[in-house]
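Inspection log for the structure reproduced underneath, given as C-alpha cells.
Sequential numbering from 1 along the given sequence is applied to the chain's residues. Model, not experiment: these values are computed from the prediction.
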Amino acid sequence: PKGVINDWRKFKLESEDSNSFPPSKKEILRQMSSPQSRDDKDSKERFSRKMSVQEYELIHREKEDENCLRKYRRQCMQDMHQKLSFGPRYGFVYELESGEQFLETIEKEQKIITIIVHIYEDGIKGCDALNSSLICLAAEYPTVKFCKIKASNTGAGDRFSSDVLPTLLVYKGGELISNFISVAEQFAEEFFTGDVESFLNEYGLLPETEMHVLEQSNTEEDME
C-alpha cells in the first residue's frame, strides 16, 4: 500500500507540474532536470540555435524600425525644406527709385512675404555698412525681400531727415510690423552682417535659414 500511495503522489505531482507550464517551458525544465546524456546535449544545442535565430530576427526587426525612423525624419526635413522654399525667391537687395515704386512693392507683394526696406542717404553714418550687411542677408535669406530707397526719393523726405537715418521698415501683408529709426545706434561703431542678423532675429523677423536646417539634418544622419 505504501508503494502504491507513493507512486500515486509522484504521478499527481508530475501531472500538476506538466499542466502548470507551457510546452516550451516544460521542455526547458526537462532538459535542465534530466541527466546530461548525448541526446540532451543535442537538444540544448538545437535550443541554443533556435534562440540565436530568434535573436537575429529581433535585431533585424529593430534595424528595420530604425530605417523606418530615419526615412520618417528625412521626410520631415524635406517637408520643412519645401516650406522654407515655398513662394518667390529673391537673393539680392532691390533698389526702389520712387515713392510710387515703394508703395507698389508693399501693396502688391504676396502676403506671406516679409519685406525689409532700408531708408538711407549717401554720406549718413551707418547707411553704407547697413547696405553691405543687407546684401549678405539677402543672399542668406532668399525668401525675404530686401529693398532700399533713398530718403530723398520717397516723396516724404521731411519725415526721413538725417537724424532718423538709417531706418529699417518691415512689412508683411501690406502692413508695417516693425519700425526701427536710427537703427545704427543699436550696434557698435563698426558693425557687420552678424550683428544685423542677430538684431532682426531678436524680433523674429527672419525665418530659419535653409542651410541651418540641412546642416542639422546631415548632423543627425551622421550621428545615427
Side-chain angles (χ1 to χ4, degrees), residues 73 76-96 99 101-151 153-154 156-157 159-220:
R73 288 178 177 173
C76 289
M77 299 308 300
Q78 290 175 353
D79 292 343
M80 187 178 296
H81 177 72
Q82 289 177 358
K83 289 180 180 179
L84 290 171
S85 302
F86 180 75
R89 303 173 69 83
Y90 307 99
F92 58 93
V93 178
Y94 290 78
E95 178 76 44
L96 305 179
Q101 189 177 3
F102 173 85
L103 292 175
E104 184 177 356
T105 298
I106 301 305
E107 294 173 354
K108 293 188 176 181
E109 193 56 76
Q110 296 183 25
K111 292 183 177 181
I112 63 170
I113 301 301
T114 299
I115 305 171
I116 298 178
V117 183
H118 176 207
I119 312 294
Y120 75 101
E121 201 64 70
D122 293 333
I124 301 296
K125 184 178 180 180
C127 288
D128 290 341
L130 188 54
N131 275 330
S132 299
S133 297
L134 294 182
I135 290 173
C136 297
L137 290 178
E140 188 173 355
Y141 297 88
T143 59
V144 177
K145 188 170 186 178
F146 289 87
C147 304
K148 63 179 181 177
I149 183 172
K150 286 186 176 183
N153 291 338
T154 61
R159 294 180 57 188
F160 297 107
S161 64
S162 59
D163 295 335
V164 299
L165 299 181
T167 291
L168 281 181
L169 305 178
V170 185
Y171 294 86
K172 194 167 188 177
E175 299 291 335
L176 179 66
I177 60 175
S178 293
N179 179 14
F180 304 106
I181 63 173
S182 301
V183 69
E185 295 179 357
Q186 304 294 327
F187 313 121
E189 186 173 354
E190 291 187 6
F191 62 91
F192 304 94
T193 303
D195 301 311
V196 180
E197 181 181 26
S198 297
F199 175 78
L200 294 174
N201 274 326
E202 285 182 7
Y203 292 89
L205 298 175
L206 295 176
E208 187 174 9
T209 62
E210 294 178 27
M211 183 62 67
H212 173 70
V213 171
L214 293 177
E215 287 178 352
Q216 185 179 26
S217 176
N218 292 334
T219 300
E220 290 179 355

Evaluate the side-chain proximity of [Y] to [X]: yes if any heavy-atom separation is below 4.5 Å, no if none is.
{"X": "Thr167", "Y": "Val183", "result": "no"}
{"X": "Lys125", "Y": "Glu189", "result": "yes"}
{"X": "Leu176", "Y": "Ile106", "result": "no"}
{"X": "Asn179", "Y": "Leu168", "result": "no"}
{"X": "Ile116", "Y": "Cys147", "result": "no"}
{"X": "Lys150", "Y": "Asp122", "result": "yes"}
{"X": "Leu96", "Y": "Asn153", "result": "no"}

From [atom1] ([X]) to [atom2] ([Y]), nearest 0.5 Å:
{"X": "Ser178", "Y": "Leu169", "atom1": "OG", "atom2": "CG", "answer": "9.5 Å"}
{"X": "Glu95", "Y": "Lys148", "atom1": "CD", "atom2": "NZ", "answer": "5.0 Å"}
{"X": "Thr143", "Y": "Leu206", "atom1": "OG1", "atom2": "CG", "answer": "9.0 Å"}
{"X": "Ser162", "Y": "Tyr120", "atom1": "OG", "atom2": "OH", "answer": "16.0 Å"}
{"X": "Leu205", "Y": "Asn201", "atom1": "CG", "atom2": "CG", "answer": "8.5 Å"}
{"X": "Lys145", "Y": "Arg89", "atom1": "NZ", "atom2": "CZ", "answer": "15.0 Å"}

How close do [X] and [Y] get, heavy atom to heavy atom, and via which atoms?
{"X": "Leu137", "Y": "Thr193", "answer": "CD2-CG2, 3.6 Å"}
{"X": "Pro88", "Y": "Gln110", "answer": "CD-NE2, 3.7 Å"}
{"X": "Cys127", "Y": "Pro166", "answer": "SG-CB, 3.7 Å"}
{"X": "Val164", "Y": "Arg159", "answer": "CG2-O, 3.9 Å"}
{"X": "Leu165", "Y": "Phe160", "answer": "CD1-O, 4.0 Å"}
{"X": "Thr105", "Y": "Ile115", "answer": "O-CD1, 3.6 Å"}

### Query
Taking the six-membered ring for Trp, are the ring centroids of Phe199 and Phe180 within less than 6.0 Å of each other?
yes

### Query
Do Ser132 side-chain atoms and Asp128 backbone N/O form a donor-acceptor pair below 3.5 Å?
yes

### Query
Once the angle between the rings of Tyr90 and Tyr94 is folded into 0 to 90°, is it parallel (under 30°), tilted (30 to 60°) or perpendicular (over 60°)?
perpendicular

### Task
For side-chain hydrogen bond (donor to acceptor under 3.5 Å, both in side chains), just list the numbers for Glu197 and Tyr141, CA-CA rounded to whole Å, side-chain angles, deciding distance to a tenth of an Å, and then say yes or no.
CA-CA 10 Å; Glu197 181 181 26; Tyr141 297 88; 2.4 Å; yes

### Derivation and outcome, side chain to side chain contact (heavy atoms under 4.5 Å, CB included), residues Phe102 and Val117
CA-CA 9 Å; Phe102 173 85; Val117 183; 3.6 Å; yes

